[in-house]
Student: 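Below are the structure tokens for one structure; questions will follow.
Quick note on labels: first sequence line is chain A, next is B, and so on, each numbered from 1.
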Amino acid sequence: MLQVAFIREHKDTVINRLKKRNIDASQMIEDVITLDEERRQLQTQLDNTLAESNSISKEIGLLYKSGKAAEANVLKEKTTQLKEDSKSLNEQLNAKTDALNHLLYQIPNVPHDSVPTGNSDEDNEEIYTEGDIPKLHDNALPHWELAKKYDIIDFELGTKITGAGFPVYKGKGARLQRALIAYFLDKNTAAGYTEYQLPLLVNEASGFGTGQLPDKEGQMYHVGEDNLYLIPTAEVPGTNLFRDELVSENDLPIAITGYTPCFRREAGSYGAHVRGLNRLHQFDKVEILRVEHPDRSYEALNEMVDHVKTILKELKLPYRILRLCGGDLGFTSVLTYDFEVFSTAQDRWLEISSVSNFETFQANRLKLRFKNQDGKTQLCHTLNGSSLALPRVLAGILENYQTEDGIKIPEVLIPYTGFDKI
RNA sequence: GGAGAAAUGGCAGAGUGGUCGAAUGCGGCAGUCUUGAAAACUGUUGAGGGUCACACCUCCGGGGGUUCGAAUCCCUCUUUCUCCGCCA
């Protein structure tokens, strides 16, 4: 969430930048400022009341010590009113703080200056393309047909044992998945990211820390009995590693990577665009995640983009990079680059990676800070990106690498699969 | 799952009703010494709110209570450790 002090000092910038998301936040921003002022007033009143009551208590202690019990008892009566006052002030303060926070949770992050204004994915800005779109033979198939033809992914079996959106990978399909995971992790660790294996279920505090809670609980699977959530992305456990941490400036940057399955309810998504591997309830993803000094978080963002580029280049998949417009930008993000692979058989672009800088938006909630050279504590910047999401990369490989007599395996993956063709 | 013990600053660890935001050690930072470093010595060093700056307020696992006053007493939750049971 945004910092109140920042809102107070940059009111107009905040309102103007939020217009990029097509929202008029002026009323909310005014309300935040008013609530915060009221909150601080109450805080001061409460502090003064407590200060008075503290000093009387000290006096009482001294009087008892010197045997003046009668005088002490007179003072005791004075504290009764103070106690009532502080109790009521405290209740008011809590109510005010809750109202302020409730409002702050509803305000999305302030988009970067370079983010284009816009409503939908049509307004995203294409900033880079690479790779040739292959010319496929006449009988080229979309990946869900290929999956059936070569018996490598079984969607019906998944539906039987769990439900739609839980595919079963078989034989060379399963092996190709494992190869991709290992390949991605190897690329990420070679680039300096430390590999982590993270819990797949998280508690409420973690969901809250990365912004899935409150409000978006409907998107996560919930284990009611233990009040745990299945992670929708490794971002949740990965970022929460640093919740309530005060790191040293020398510890920065922190760069981690992890493979996890991801679970998303995707309530309300149906239709042709969710066929096959395009949208699933359970899928695999390798994530990269960084905690950065505020001065170099954009440099880090570019490094992450370059890193993903080299992977796609090695896989020889045609892709493009988009700068997301305000309307398509995630709630917590300042600036996001989406990577899309061209699916030749479906004749459409498939999103396979999303690389974002959140600046202090997550760190503020997480209380993830570092001590700067002046000894002051300061919020870190957090960033993350997929490197990469499996199903659509798999779909891209299957569709773009198909030939009349089988699907070729990208060269860099052969050491991992142990075969060069499906 | 049963029984017992514990949770204190970046870490370790003292503190059982008032002058305790908290001894001490380690670590960090600054300095002295040194060609430089190490060692030694000296000083300094928790977080949040608030203020122009002070003052002041809050925080000793979370929440609640007793008391004029709580790190300290009571209730409750969570977590950790030890023993027993179960188990990949």
Student: Over how many whole Å does the gap from L75(A) atom CG to U67(B) atom P extend?
Tutor: 18 Å
Student: Please give the distance between the C1' atoms of G13(B) and G31(B) as a whole number of Å.
Tutor: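 Result for the C1' pair: 28 Å, nearest Å.
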Student: From the options T382(A), L335(A), V334(A), select the one residue that forms a side chain to side chain contact (heavy atoms under 4.5 Å, CB included) with F358(A).
Tutor: T382(A)
Student: Test: salt bridge (Lys or Arg N to Asp or Glu O under 4.0 Å). Region: residues 86-96 of chain A. Which pairs qualify, not counting sequence neighbours?
Tutor: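 Sorted pair list: E38(A)-K96(A).
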Student: Output every pair passing salt bridge (Lys or Arg N to Asp or Glu O under 4.0 Å) with a member in residues 378-401 of chain A, not counting sequence neighbours, ordered by first then second residue.
Tutor: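 Listed by first then second residue: nothing to list.
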Student: With both distances under 3.5 Å as the test, what is the Watson-Crick or G-U wobble partner of U72(B)?
Tutor: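 When the pairing criteria are applied, nothing turns out to pair with U72(B), so the answer is none.
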Student: Round to the nearest Å and state the distance from L63(A) atom CG to U67(B) atom P.
Tutor: 20 Å
Student: Now, which nucleotide makes the Watson-Crick or G-U wobble pair with G36(B), with each of the two distances under 3.5 Å?
Tutor: none
Student: Report the distance from atom NZ of K58(A) to atom P of G17(B), rounded to the nearest whole Å.
Tutor: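 About 19 Å, once rounded to whole Å.
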Student: Check ring-ring contact (aromatic ring centres under 6.0 Å, His included) between H102(A) and all other residues, then give those that pass, not counting sequence neighbours.
Tutor: none
Student: Any strand is fair game: report the nucleotide pairing with C20(B) by Watson-Crick or G-U wobble, both distances under 3.5 Å, or none.
Tutor: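 With both distances under 3.5 Å required, C20(B) matches none.
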Student: Expressed in whole Å, how much space separates the C1' atoms belonging to G9(B) and G48(B)?
Tutor: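 Those two atoms are separated by 14 Å.
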Student: Please give the nucleotide sitting opposite A5(B) as a Watson-Crick or G-U wobble pair, both distances under 3.5 Å, or none.
Tutor: U80(B)
Student: Determine whether the side chains of E235(A) and T210(A) contain a donor N or O and an acceptor N or O closer than 3.5 Å.
Tutor: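 No.
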Student: Does C11(B) pair with anything, Watson-Crick or G-U wobble, both distances under 3.5 Å, and if so, with which nucleotide?
Tutor: G25(B)
Student: Nearest whole Å is fine: how far is A47(B) P from L368(A) CG?
Tutor: 16 Å
Student: Taking the C1' atom of each, how far is C20(B) from G4(B), in whole Å?
Tutor: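 Looking at atom C1' only, C20(B) and G4(B) are 31 Å apart.
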Student: Answer yes or no: does a side-chain N or O of T377(A) lie under 4.0 Å from OP1 or OP2 of G48(B)?
Tutor: yes
Student: Taking only residues at least two apart or on different chains, which pairs with a member in residues 185-206 of chain A satisfy salt bridge (Lys or Arg N to Asp or Glu O under 4.0 Å)?
Tutor: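 Counting only pairs at least two positions apart or across chains, the salt bridge (Lys or Arg N to Asp or Glu O under 4.0 Å) contacts touching residues 185-206 of chain A are K187(A)-E314(A).
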Student: Please measure how far the P atom in G17(B) lies from the corresponding atom in U72(B), and state the result in whole Å.
Tutor: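 Comparing P positions in G17(B) and U72(B) gives a spacing of 11 Å.
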Student: Give a yes/no answer on whether the side chain of K367(A) brings an N or O atom under 4.0 Å of OP1 or OP2 in A47(B).
Tutor: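 Checking K367(A) against A47(B): no side-chain N or O falls below 4.0 Å of OP1 or OP2.
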Student: For A5(B) and G61(B), measure between their C1' atoms and round to the nearest Å.
Tutor: 16 Å
Student: Can you give one letter per nucleotide of nucleotides 49-65 of chain B, going 5' to 3': B for a protein heavy atom under 4.0 Å from the base, S for sugar-phosphate only, - for none?
Tutor: BSS----SSS-------
Student: Say you pick atom P in C81(B) and the same atom in C75(B); how far apart are they, in whole Å?
Tutor: 25 Å
Student: Rounding to the closest angstrom, what is the interatomic distance between G10(B) and G27(B) at atom C1'?
Tutor: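 It works out to 7 Å between them.
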Student: Could you tell me the separation between the NZ atom of K76(A) and the C1' atom of U66(B), rounded to a whole number of Å?
Tutor: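 Atom NZ in K76(A) sits about 13 Å away from atom C1' in U66(B).
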Student: Rounded to whole Å, please give me the gap between CG in L62(A) and P in G18(B).
Tutor: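 To the nearest whole Å, that distance equals 13 Å.
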Student: Can you tell me the pairing partner of C54(B) across any strand shown, Watson-Crick or G-U wobble, with both distances under 3.5 angstrom?
Tutor: none
Student: Atom CD of E245(A) and atom C1' of A47(B): how far apart are they, to the nearest Å?
Tutor: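 So the CD-C1' distance, E245(A) to A47(B), works out to 13 Å.
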Student: Less than 4.0 angstrom from a charged side-chain N to a carboxylate O is my criterion; do E245(A) and R369(A) meet it?
Tutor: no
Student: Mind checking the C1' distance from C33(B) to A39(B)? Whole angstroms is fine.
Tutor: 11 Å
Student: Between T79(A) and Q378(A), which is nearer to the 5' end of RNA chain B once each is assigned its nearest nucleotide?
Tutor: Q378(A)
Student: Identify, with sequence neighbours excluded, every residue that meets side-chain contact (heavy atoms from CB on, under 4.5 Å) alongside E59(A).
Tutor: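 Partners of E59(A) by the side-chain contact (heavy atoms from CB on, under 4.5 Å) criterion, ordered by chain and then number, come out as L75(A).
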Student: Which nucleotide, in any strand shown, forms a Watson-Crick or G-U wobble pair with A30(B), with both distances under 3.5 Å?
Tutor: U42(B)
Student: Do we see a donor-acceptor contact under 3.5 Å between the side chains of Y193(A) and R290(A)?
Tutor: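 Per modelled atom types, Y193(A) and R290(A) side chains form a pair under 3.5 Å.
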Student: Nearest-Å distance, CG (N73(A)) to C1' (U67(B))?
Tutor: 13 Å
